[in-house]
Amino acid sequence: MKEEQMPIIRIEMFEGRTPDQKRACAEAVTKAWCDTCGGTPQMVTVVFTDLAKHDWATAGRLASDPKV
């Protein structure tokens with residue numbers, strides 16, 4: 001498998017996870033990718049994007065809006 005075929009796996013989530021939680025997640029996602037799709041851990045990049053609840057909306061409502 002060629003290096004240029006490496007995946008970039010993006011994870012968007014609400015802010016608040018610790019570096020240890022992100023590290024464990026990156027390890028698990030990397031292992032899952034390699035186990036199912038092949039390749040080596042060195043080929044896998046995981047990018048975390050932390051978002052505030054007021055920056056995320058579903059069905060026209062912000063996640064920070066009070067529940068109806």
Side-chain angles (χ1 to χ4, degrees):
M1 190 167 287
K2 297 178 184 176
E3 282 295 320
E4 59 268 14
Q5 294 174 325
M6 69 179 177
I8 298 173
I9 300 169
R10 299 181 186 279
I11 299 174
E12 296 177 358
M13 59 190 173
F14 293 137
E15 58 194 358
R17 285 5 180 264
T18 67
D20 285 340
Q21 288 173 311
K22 291 179 182 180
R23 185 176 298 106
C25 180
E27 290 172 0
V29 167
T30 298
K31 181 178 181 334
W33 176 271
C34 293
D35 289 350
T36 45
C37 298
T40 65
Q42 293 73 22
M43 297 171 68
V44 179
T45 298
V46 178
V47 177
F48 293 101
T49 302
D50 291 337
L51 297 166
K53 287 188 174 187
H54 63 264
D55 291 329
W56 190 294
T58 301
R61 295 188 50 81
L62 296 177
S64 61
D65 289 344
K67 302 289 183 219
V68 234

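This is a predicted model, so every value here is computed, not measured.
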Nearest heavy-atom neighbours spanning P7 and M43: CD-O, 3.5 Å
Atom of H54, atom of L62 and distance for their closest heavy-atom approach: O-CD2, 3.6 Å
Reported CD-to-OG1 distance for the pair E15 and T49, which is rounded to 0.5 angstrom: 12.0 Å
Side-chain heavy-atom pair M13, D50 within 4.5 angstrom cut-off: yes
Hydrophobic cluster membership, W33 vs I11, 4.5 Å side-chain cutoff: yes
Minimum heavy-atom distance F14-A63, with the two atoms named: CZ-CB, 3.4 Å
Worked check of side chain to side chain contact (heavy atoms under 4.5 Å, CB included) between E12 and L51: CA-CA 7 Å; E12 296 177 358; L51 297 166; 4.3 Å; yes
Residues that R23 engages under side-chain hydrogen bond (donor to acceptor under 3.5 Å, both in side chains), provided they are two or more places apart: D20
Minimum heavy-atom distance between P41 and C34, given as atom pair plus value: N-SG, 3.6 Å
